[in-house]
Amino acid sequence: MQVCITEKELKEYIAAAKKAGKSIGFVPTMGALHKGHISLIEESKKQCKFTVCSVFVNPNQFNDKKDLERYPRQPEKDTELLKKAGCDLLFMPTEKDIYPKPYTRKFSFGKLDQVLEGKHRPGHFNGVAQVVSRLFELVEPDKAFFGLKDYQQLLVIKDLVKQLKLKIEIVGCAILRDEENLALSSRNALLTEEEYDEATFIPIWMDEVKKLSTRYKASQIKARIETLVAQRDKMKLDYFEICDAETLESIKNFEDAENGSVALIAVHVGKIRLIDNVIL
Ligand code: AMP
């Protein structure tokens with residue numbers, strides 16, 4: 001696996017791969033890699049001849065400074081994991097490499113980024129769009145792979161590619177979960193044992209949502225989940241919503257969802273904020 005930091009090195013490696021006729025698959029990450037990230041690398045390797053992974057903790061997408069400070073960083077371990085997974089090129093830029101000048105471009109995604117994560121983390125998706133558009137400009141991939149774990153992000157990125165008229169196919173990949181069914185996340189490493197046990201209620205609730213969705217109204221299920229979360233001392237609910245799977249407009253009745261529906265949750269377990277979702 002080749003490793004690079006600067007734009008110049010990156011472009012040389014990519015140009016060589018393109019010259020050899022290889023299709024480029026790209027997996028952007030913020031590091032502290034786990035099997036969820038590796039599953040994206042594997043999908044890229046299946047679909048493309050040359051896989052690039054970036055590891056960059058993007059300060060622009062953190063609305064909470066403390067969250068940015070405590071975000072786990074493990075560059076050596078990440079390098080080893082990517083080598084083992086058969087990644088071809090690892091791009092580990094510094095902030096200066098990504099943003100040589102202050103990056104002030106403003107993106108707009110209409111209603112899509114005003115709900116859920118967008119509402120609770122002001123400026124988050126603008127920061128995501130800034131880094132992803134910059135990374136796309138640098139890597140120029142044929143396909144880019146994103147996890148359904150960050151469901152709203154996936155929709156925002158698809159919209160970004162449309163807005164910028166980029167010829168990049170965005171591939172959504174299934175959520176990977178641990179043995180307790182908790183969605184894998186770099187933030188899980190920050191949970192104490194007790195908090196981890198609490199967090200395992202999240203996938204249990206999401207399973208229940210799936211079952212209830214065949215018999216109850218969306219509004220009734222929302223009320224049920226809000227009650228269940230309120231009963232847990234160590235948890236604080238940011239949101240639980242059942243939404244149209246494409247517009248993310250929240251629905252009261254499943255018949256109102258024109259594009260199918262998805263249930264999304266964000267909960268603080270102690271100081272750690274976790275998200276999950278289930279397509280219904
Ligand atoms: P992050 O490093 O958290 O920014 O995530 C990088 C990419 O990995 C994003 O596309 C995420 O949606 C994806 N990802 C994170 N966790 C998982 C998971 N448990 N299963 C599948 N993909 C994931």
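Order of appearance sets the numbers: ligands from 1, and atoms from 1 within every ligand. All residue numbers in this chain count up from 1 along the given sequence.
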Find all atoms of ligand 1 within a distance of less than 4.0 Å from any non-hydrogen atom belonging to Phe146, and give their numbers and elements. 10 (O)

Closest protein heavy atom (residue, atom, distance) for atom 10 (O) of ligand 1: Gly147 N, 2.9 Å

Is there a heavy atom of Tyr151 sitting under 4.0 angstrom from any atom of ligand 1? no

Return a yes/no value for Asp150: is any of its N or O atoms, backbone included, closer than 3.5 angstrom to an N or O of ligand 1? yes

Which ligand 1 atoms are under 4.0 Å away from a heavy-atom of Pro28? 6 (C), 7 (C)

Under 4.0 Å from a heavy atom of Tyr71: which atoms of ligand 1 are those, numbered in the order shown and with their elements? 3 (O)

Side-chain donor-acceptor pair present, Thr94, Asp97, cut-off under 3.5 Å: yes

So does Glu180 get a backbone contact from the side chain of Thr200, meaning a donor-acceptor N/O pair under 3.5 Å? no

Output the list of atoms in ligand 1 that are nearer than 4.0 Å to some heavy atom of Ala174, sorted by atom number. 20 (N), 21 (C)

Checking heavy-atom distances from atom 7 (C) of ligand 1 to each of Leu40, Asp276, Leu154, Ile175, the winner is Leu40

Test item: side-chain donor near acceptor, Ser39 and Glu42, under 3.5 Å: no

Gln152 side chain to Leu112 backbone, donor-acceptor under 3.5 Å: yes

Looking only at side-chain N and O atoms, does Asn58 offer a donor or acceptor that is under 3.5 Å from a partner on Tyr99? yes

Give the residue, atom name and distance (to 0.1 Å) of the protein heavy atom nearest atom 1 (P) of ligand 1. His37 NE2, 3.7 Å

Relative to the heavy atoms of Leu176, which atoms of ligand 1 are at a distance of less than 4.0 Å? 18 (C), 19 (N), 20 (N), 21 (C)

All heavy atoms of Gln61 vs all of Arg121, minimum pair found to be O-NH2, 3.7 Å

For Cys173, is at least one N or O under 3.5 Å away from an N or O on ligand 1? no

Please report the shortest heavy-atom distance between Met206 and Ala263, naming the atom on each side. CE-O, 3.4 Å

If we ignore hydrogens and angles and just use 3.5 Å, is the side chain of Asn60 paired with the main-chain N or O of Asn126 as donor and acceptor? no

Name the option, out of Glu43, Arg187, Met30, that contains the heavy atom nearest to atom 4 (O) of ligand 1. Met30

Residue, atom name and distance, where the atom is the protein heavy atom closest to atom 15 (C) of ligand 1: His34 CE1, 4.0 Å

Checking a contact table here: which protein heavy atom is nearest atom 23 (C) of ligand 1, and how many Å away? Lys149 CB, 4.1 Å

Would you check whether Arg177 reaches within less than 4.0 Å of ligand 1, judged by its heavy atoms? no

For Tyr13 together with Phe50, are the ring centres under 6.0 Å from each other? no

Is Ala183 in polar range of ligand 1, meaning some N or O pair under 3.5 Å apart? no

For Pro75 and Met92, work out which heavy atoms get closest and say how close. O-CE, 3.5 Å

Arg224 to Tyr216 six-membered ring, cation-pi geometry met (6.0 Å, 45°): no

Just which atoms of ligand 1 are under 4.0 Å from any heavy atom in Leu184? 16 (N), 17 (C), 18 (C), 19 (N)

